[in-house]
Amino acid sequence: NAYVSFNRNAEGWSFYTEYFLQPSTVRRDNGFISRVNFHQFFMQQEYNFYPAGNILQRLDPEVNFEIRYDIDGNKLGDYLEFNQIVQFKNGIQINGGYLPVNDERYGGIYHTGINRWHFGLDANNLSKVLTGGFFYEWGKYIVRFAQPSFIGYGHNFDLYATIKPFDQLRNDIEYSYSELSTKNNGELLYAGYVLSDKISYQFNKNFFFRVLLQYDLFSKYFSVDPLLSYKWNPFTILYAGSSHDAYELQDILGNSAYQETNRVFYLKFQYLFNL
């Protein structure tokens with residue numbers, strides 16, 4: 001395989017380009033490869049503006065372009081994306097963009113015109129107690145589970161927040177909603193959400209507790225994963241935790257209820273030996 005990149009970071013004009021080659025014969029004995037038999041070229045161009053005044057911190061218009069081929073020269077896809085990032089001096093950042101060109105080969109079919117919009121807001125620097133933001137994307141998507149695949153219309157919405165009433169306690173909440181239809185206002189193929197919550201409490205510099213909660217409406221699935229840790233020093237740590245999974249199941253009468261289907265308890269001790 002081969003990888004080459006070239007970039008420029010400056011106060012005004014910046015850019016980044018890369019070329020990536022990964023043939024079908026490449027191996028990763030100690031890692032994971034999600035895709036082989038391709039080579040691609042990516043380019044990003046942006047210019048940073050710093051307006052005078054007390055409201056805006058920076059404006060970053062940018063253009064992204066990528067094109068992909070397989071090793072035999074068959075085109076796998078390309079896209080052209082326009083983005084605009086706006087940073088305010090109060091810590092809020094908004095971004096929006098559009099894909100006027102977005103093509104991809106999937107399932108033996110070369111799909112074109114997969115155009116999408118996106119808009120997001122991030123307020124991670126606005127407050128010490130409550131931070132968060134959202135990201136919304138809508139437009140055309142490939143319906144990959146259909147045979148043959150085709151282009152549908154969908155929406156994806158992510159809402160996230162972090163609540164820190166005091167230094168020891170942190171609560172990270174995320175809500176992700178997705179839906180896909182055959183076309184705009186067409187037959188609904190699926191719609192649902194995933195809700196997750198991570199609660200962390202630092203009792204002192206050595207003792208830590210964390211619990212992960214997640215509900216998946218698509219799979220009718222609920223999980224709870226608590227974890228306790230005690231750290232004697234940076235290299236000696238004791239972990240004690242468990243994992244609990246529950247699915248919505250029906251009995252022979254058709255009544256539905258959540259039942260625990262998996263339960264795991266574990267201990268882990270980490271110690272560094274000097275040889």
Side-chain angles (χ1 to χ4, degrees), residues 1-7 14-29 31-47 60-85 95-120 134-158 176-194 216-219:
N1 65 336
Y3 176 80
V4 179
S5 67
F6 181 64
N7 67 84
S14 300
F15 68 85
Y16 175 81
T17 60
E18 70 174 21
Y19 173 77
F20 188 26
L21 167 65
Q22 190 142 281
S24 57
T25 55
V26 70
R27 293 180 56 179
R28 291 285 191 278
D29 294 336
F32 173 74
I33 300 177
S34 61
R35 188 175 59 182
V36 296
N37 189 33
F38 74 93
H39 59 112
Q40 69 181 32
F41 172 78
F42 172 79
M43 178 186 67
Q44 181 182 79
Q45 301 280 341
E46 69 172 23
Y47 198 93
D60 294 340
E62 66 179 30
V63 179
N64 300 317
F65 172 76
E66 182 180 282
I67 188 167
R68 304 178 302 280
Y69 288 88
D70 66 17
I71 302 303
D72 296 325
N74 300 308
K75 191 175 182 181
L76 299 176
D78 58 17
Y79 73 82
L80 176 67
E81 181 182 34
F82 296 104
N83 285 324
Q84 175 63 64
I85 301 173
N95 66 85
Y98 177 61
L99 285 163
V101 177
N102 187 21
D103 309 326
E104 181 183 346
R105 184 180 301 278
Y106 184 81
I109 300 175
Y110 192 77
H111 300 282
T112 62
I114 318 170
N115 312 115
R116 288 197 294 271
W117 295 84
H118 69 263
F119 179 79
F134 70 88
F135 181 81
Y136 178 51
E137 184 181 61
W138 70 99
K140 298 177 181 178
Y141 299 83
I142 298 177
V143 183
R144 302 179 187 273
F145 53 81
Q147 294 294 333
S149 59
F150 63 94
I151 297 178
Y153 190 88
H155 303 264
N156 289 297
F157 177 71
D158 291 317
S176 298
Y177 175 84
S178 297
E179 74 171 47
L180 185 64
S181 303
T182 55
K183 58 182 179 180
N184 193 10
N185 297 321
E187 177 188 355
L188 187 65
L189 299 173
Y190 66 73
Y193 65 87
V194 176
D216 186 340
L217 181 63
F218 294 101
S219 302

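Quick note: residue numbers are just sequence positions, from 1.
The ring pair (Phe, Tyr, Trp, His ring centres under 6.0 Å) check on Y190 picks up F218, with sequence neighbours excluded. With sequence neighbours excluded, the residues satisfying ring pair (Phe, Tyr, Trp, His ring centres under 6.0 Å) with F6 are F15. Shown here are the side-chain hydrogen bond (donor to acceptor under 3.5 Å, both in side chains) partners of E46, two or more places apart in sequence or in another chain: there are none. Residues satisfying the salt bridge (Lys or Arg N to Asp or Glu O under 4.0 Å) test with D158, not counting sequence neighbours, are none. Taking D78 as the reference, K75 meet the salt bridge (Lys or Arg N to Asp or Glu O under 4.0 Å) condition, with sequence neighbours excluded. The side-chain contact (heavy atoms from CB on, under 4.5 Å) check on L99 picks up Y79, E81, N102, R116, with sequence neighbours excluded. With sequence neighbours left out, Y69 forms a ring pair (Phe, Tyr, Trp, His ring centres under 6.0 Å) with no residue at all. Remark: N115 pairs with no residue by the side-chain hydrogen bond (donor to acceptor under 3.5 Å, both in side chains) rule, at least two apart or across chains. Not counting sequence neighbours, the partners of L217 by the side-chain contact (heavy atoms from CB on, under 4.5 Å) test are Y193, Y215, K220. With sequence neighbours excluded, the residues forming a side-chain contact (heavy atoms from CB on, under 4.5 Å) with D72 are D70, N74, listed by chain and number. In this view, S24 and N37 satisfy the side-chain contact (heavy atoms from CB on, under 4.5 Å) rule, not counting sequence neighbours.
Atoms OH and CZ, from Y3 and F20 in turn, are 8.5 Å apart once rounded to the nearest 0.5 Å. Atom CD1 of I85 and atom CD of E62 lie 4.5 Å apart (nearest 0.5 Å). Summarising the geometry, atom CD belonging to Q22 is positioned 12.5 Å from atom NE2 belonging to H39; distances are rounded to the nearest 0.5 Å. M43 CE to N7 CG: the interatomic distance, rounded to the nearest 0.5 Å, is 14.0 Å. Within the model, atoms NZ of K183 and CG of L189 stand 12.0 Å from one another, a figure rounded to the nearest 0.5 Å. To the nearest 0.5 angstrom, E66 atom CD is 10.5 Å from L76 atom CG.
The shortest distance between side-chain heavy atoms of N83 and N64 falls below 4.5 Å. Inter-residue side-chain proximity for F134 and F119 is flagged as met; some heavy-atom pair is nearer than 4.5 Å. In this structure, the side chains of N1 and P23 come closer than 4.5 Å at one or more pairs of heavy atoms. The side-chain heavy atoms of I114 and Y106, taken from C-beta on, include no pair separated by under 4.5 Å.
Here the closest non-hydrogen pair linking S5 and Y16 is CB-OH, 3.8 Å. Residues Y110 and G77 share a closest heavy-atom pair of OH-CA, 3.8 Å.
The list of side chain to side chain donor-acceptor pair (under 3.5 Å) pairs with a residue in residues 138-154, not counting sequence neighbours, reads E104-R144, H111-S149, E137-Y141, Y141-N156.
Between the side chains of H155 and Y177, no donor-acceptor pair of N or O atoms lies under 3.5 Å.
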*For ring-ring contact (aromatic ring centres under 6.0 Å, His included), just list the numbers for F135 and H118, CA-CA rounded to whole Å, side-chain angles, deciding distance to a tenth of an Å, and then say yes or no.*
CA-CA 7 Å; F135 181 81; H118 69 263; 5.6 Å; yes
*Under the side chain to side chain contact (heavy atoms under 4.5 Å, CB included) criterion, do V4 and L21 qualify, and how do the steps go?*
CA-CA 9 Å; V4 179; L21 167 65; over 6 Å; no
